[in-house]
Number of protein chains: 2
Amino acid sequence: MTSLSTSARAVLAELTRRGRATRPQISQALGLSKPTVSTAMSELEELGLVREDGSVQGHTGRSALLWRIGEGAGHVLGVDVGVTRTRIHAHALSGERLLGVSRDVTSPASRSGTADLTASADAAGALLRETLPRLGDSGPLRQIVIALPTVVTDRDPAAASQSPEVHDMLKALSLPQAPLLLENNVNCAAVAEGNLGVAQGAAQFAYVQAGVRIGAALVLGGRLLRGASGWAGEVAHLPFPWDAGREPVPEGLERFLGAEDLLLRTAAAWPASEGEPPTSAEELFRRAGEGCPPAQRAVTEHATQVGRLVVAVVALLDPGLVVLGGGVGSNPLLVQGVQETLSTLSIPVEIRRSGLGATATVEGAAVLAREQALHRLIHA
Amino acid sequence: MTSLSTSARAVLAELTRRGRATRPQISQALGLSKPTVSTAMSELEELGLVREDGSVQGHTGRSALLWRIGEGAGHVLGVDVGVTRTRIHAHALSGERLLGVSRDVTSPASRSGTADLTASADAAGALLRETLPRLGDSGPLRQIVIALPTVVTDRDPAAASQSPEVHDMLKALSLPQAPLLLENNVNCAAVAEGNLGVAQGAAQFAYVQAGVRIGAALVLGGRLLRGASGWAGEVAHLPFPWDAGREPVPEGLERFLGAEDLLLRTAAAWPASEGEPPTSAEELFRRAGEGCPPAQRAVTEHATQVGRLVVAVVALLDPGLVVLGGGVGSNPLLVQGVQETLSTLSIPVEIRRSGLGATATVEGAAVLAREQALHRLIHA
DNA sequence: CCCACTTCGTTAGGTAAATGACCTAACTAA
DNA sequence: TTAGTTAGGTCATTTACCTAACGAAGTGGG
């Protein structure tokens, strides 16, 4: 494919930012002359990357044609290879969602909560083979991003598949031919928050996910902070408790702030007079919301602990905004407790609760795929 | 001043990176033709921004002229307004140091270790007035960066001087007319490590300073991570101890990891048989190095605590490299203990000891000033 | 010392991208 | 209708590069 001219790249980038725009708007935004924008737009139209889409009326003067990313620009896939459920979203390069499907992972490992990448990939692969034919003509598939519940030390699958686990997973997925990137699932969820969720428009923010597992992600100027080898945000590996007296346990924070231990601790402190202790995080939060005292105590205590993690994140990074997500983290009862813990701190910070739910990860993967595809189109 | 052409900007940037270079070298590095580089260089020479500086001989063929940033490009100032000592460094835009001076702050507050910005600024202002005349003709003063031992919520002094403390400090300094930026002192020291110290060439790294006070800074791709409002790295404000049982004290980490409390704890555990306990961090480390058991125990224990802070930084950010600095942090005995604490972690990370000493802060301020001045020259 | 060879730096001529100036088309308001 | 305004196209011109060619200034071999 022949390369785009400089002005065509600029026009494509601006059109991407705006979704739909007229040539005069783009001309003004980029400081390019009208002829230049027109030539560039023709070049893009010839390649099928953009097309006319209505016009702006009601203003004085001649009405301007509206332009948008066209079907020929193609589409991308976001794939969430989750422990208990896998999800696939397809997005056009224009940003609109073409389809979103999901399927349970049924394997002994997934029921016990242990990660079994190959079992998840089998389910995702089957789902993919049923789903792709439904896409019809959406242009070329330009990028796939796979969200994984593991540390992603190398986003490039060519390098990462030297690890046998990743190699087997990719084989089970049997993906169509297209550029491919791997990404951590918490990172994906954070990207979704920044693009579609409560962190829209934030220059930077931290995302703390508390559920069965615990993790964090950092977004700076729209870009993920990945660290030197992909371990950024892997707070699960923090030793805990961090105390002058007791010896900290490696990976202790994961155990302490994960949903499993929360339920165990709650059960241990449960008075016989209140009947059976809750068996899931959802139940615990429901009963706390209904006013059950031991459930409330457990939730408050847990919120304090999560709050201390958030305090550490805030003191180190000053993100200005922290989004709480995940099955436990996105609960309204938790946010209040975290906010109280933070009130001792002199650093200004806002706490928001994620509203995206369980699809956050796959949505983020699709957003990343679209960004990557556009980046390649525009900058190469 | 009339604006530079695009190619002149590129040539100036490349010359800045290389220090001295010939036109053919620049031509090859930038992919520009020889005539283009020549015209761009003439443009820069006419403005006094560059000048010839010898030639390359010994190779076959005609010898090429060497070029460098010229005196007309001007100079910059880095000012460290420290608690006990203030420092001023002047650098030419070419990078060479023009002078470096320092002076003790003599005020009741500085002796007790309390920060008194105005007293420090008085000393720095007097030093500045004696120093500037010695500069001779070094071209225009293009940028001043002031390093402060406080949180810098606004680097722009016009906005920051709304705070009466900063306003008084700037008045006491009575600076010459030039663009001015404020920066946190730990951030400055980190920049120095990245440009002149042990973190040279690192794509990203964390800097942890342990001395009288405790602080951290993060450098990503040569840029400081400042946070939403300048509080990034202010770990001193972390509540401590972070323990399920005990109630954490706000600002507790500062107290716990600072030099003062280290000496108090050491004295409390000091056996009478060993004579008087050490009265300074230097003495403590010296006696530990000489094999004195209680001093060794205190240092080991302290290294473990600093190590836990480093563990938190590494788990959250995966910097790949952590530089330990400050009066306590740069001690060889400490590094070993920190490394042992880190060995429980599965994240790959290297620990290095700062070798820059007490001038790191002012050097970093000067580097930042030069970067800022070049940035303005090249991109505006 | 002379001469072949290489590289530097300048001059001349050519080209692609973007511009400004100008014109026509199309729409609104009165 | 008509006046005023904005969109969109055409074209000569400018800008910012490039390649080609050549003299200048070095090196090394005979």
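The chains referred to below are lettered A, B, ... by the order of the sequence lines, with proteins before strands, and numbering in each begins at 1.
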How close or far is atom [atom2] of [N] from atom [atom1] of [X], stated in whole angstroms?
{"X": "B/E45", "N": "C/dG9", "atom1": "CD", "atom2": "P", "result": "12 Å"}
{"X": "A/L4", "N": "C/dA16", "atom1": "CG", "atom2": "P", "result": "18 Å"}
{"X": "A/L32", "N": "D/dA7", "atom1": "CG", "atom2": "P", "result": "16 Å"}
{"X": "A/M41", "N": "D/dG9", "atom1": "CE", "atom2": "C1'", "result": "15 Å"}
{"X": "A/E52", "N": "D/dA7", "atom1": "CD", "atom2": "P", "result": "15 Å"}
{"X": "B/W67", "N": "C/dC8", "atom1": "CH2", "atom2": "P", "result": "15 Å"}
{"X": "A/I26", "N": "D/dG8", "atom1": "CD1", "atom2": "P", "result": "10 Å"}

Using a 4.0 Å heavy-atom cut-off, does [X] contact any base of the nucleic acid, only the sugar-phosphate backbone, or nothing at all?
{"X": "A/T6", "answer": "sugar-phosphate"}
{"X": "A/S63", "answer": "sugar-phosphate"}
{"X": "A/S7", "answer": "sugar-phosphate"}
{"X": "A/T39", "answer": "nothing"}

When you match A/K34 and B/R62 each to their closest nucleotide on DNA chain C, which lands nearer the 5' end?
B/R62

Nearest-nucleotide comparison on DNA chain C, the residue closer to the 5′ end among A/A8 and A/H59:
A/A8

Tell me which nucleotide among C/dG9, C/dG20, D/dT27 gets nearest to the side chain of B/A64.
C/dG9

From C/dC8, D/dC18, D/dG8, nucleotide with atom closest to B/T36 side chain:
D/dC18

Along DNA chain D (nearest heavy atom to each residue), the more 5'-positioned of A/G61 and A/R23:
A/G61

[X] side chain vs [Y] backbone, donor-acceptor pair below 3.5 Å:
{"X": "B/R97", "Y": "B/H89", "result": "no"}
{"X": "A/Q57", "Y": "A/S63", "result": "no"}
{"X": "A/E193", "Y": "A/V198", "result": "yes"}

Here's a test for you: under side-chain contact (heavy atoms from CB on, under 4.5 Å), which of A/L181, A/L182, A/V367 qualifies with A/V145?
A/L181

OP1 or OP2 of C/dT19 under 4.0 Å from side-chain N/O of A/S33:
yes

Would you tell me if any nitrogen or oxygen in the side chain of B/S38 comes within less than 4.0 Å of OP1 or OP2 on C/dT10?
yes

Derivation of the side-chain hydrogen bond (donor to acceptor under 3.5 Å, both in side chains) call for B/S55 and B/R62
CA-CA 10 Å; B/S55 61; B/R62 178 173 172 176; over 6 Å; no

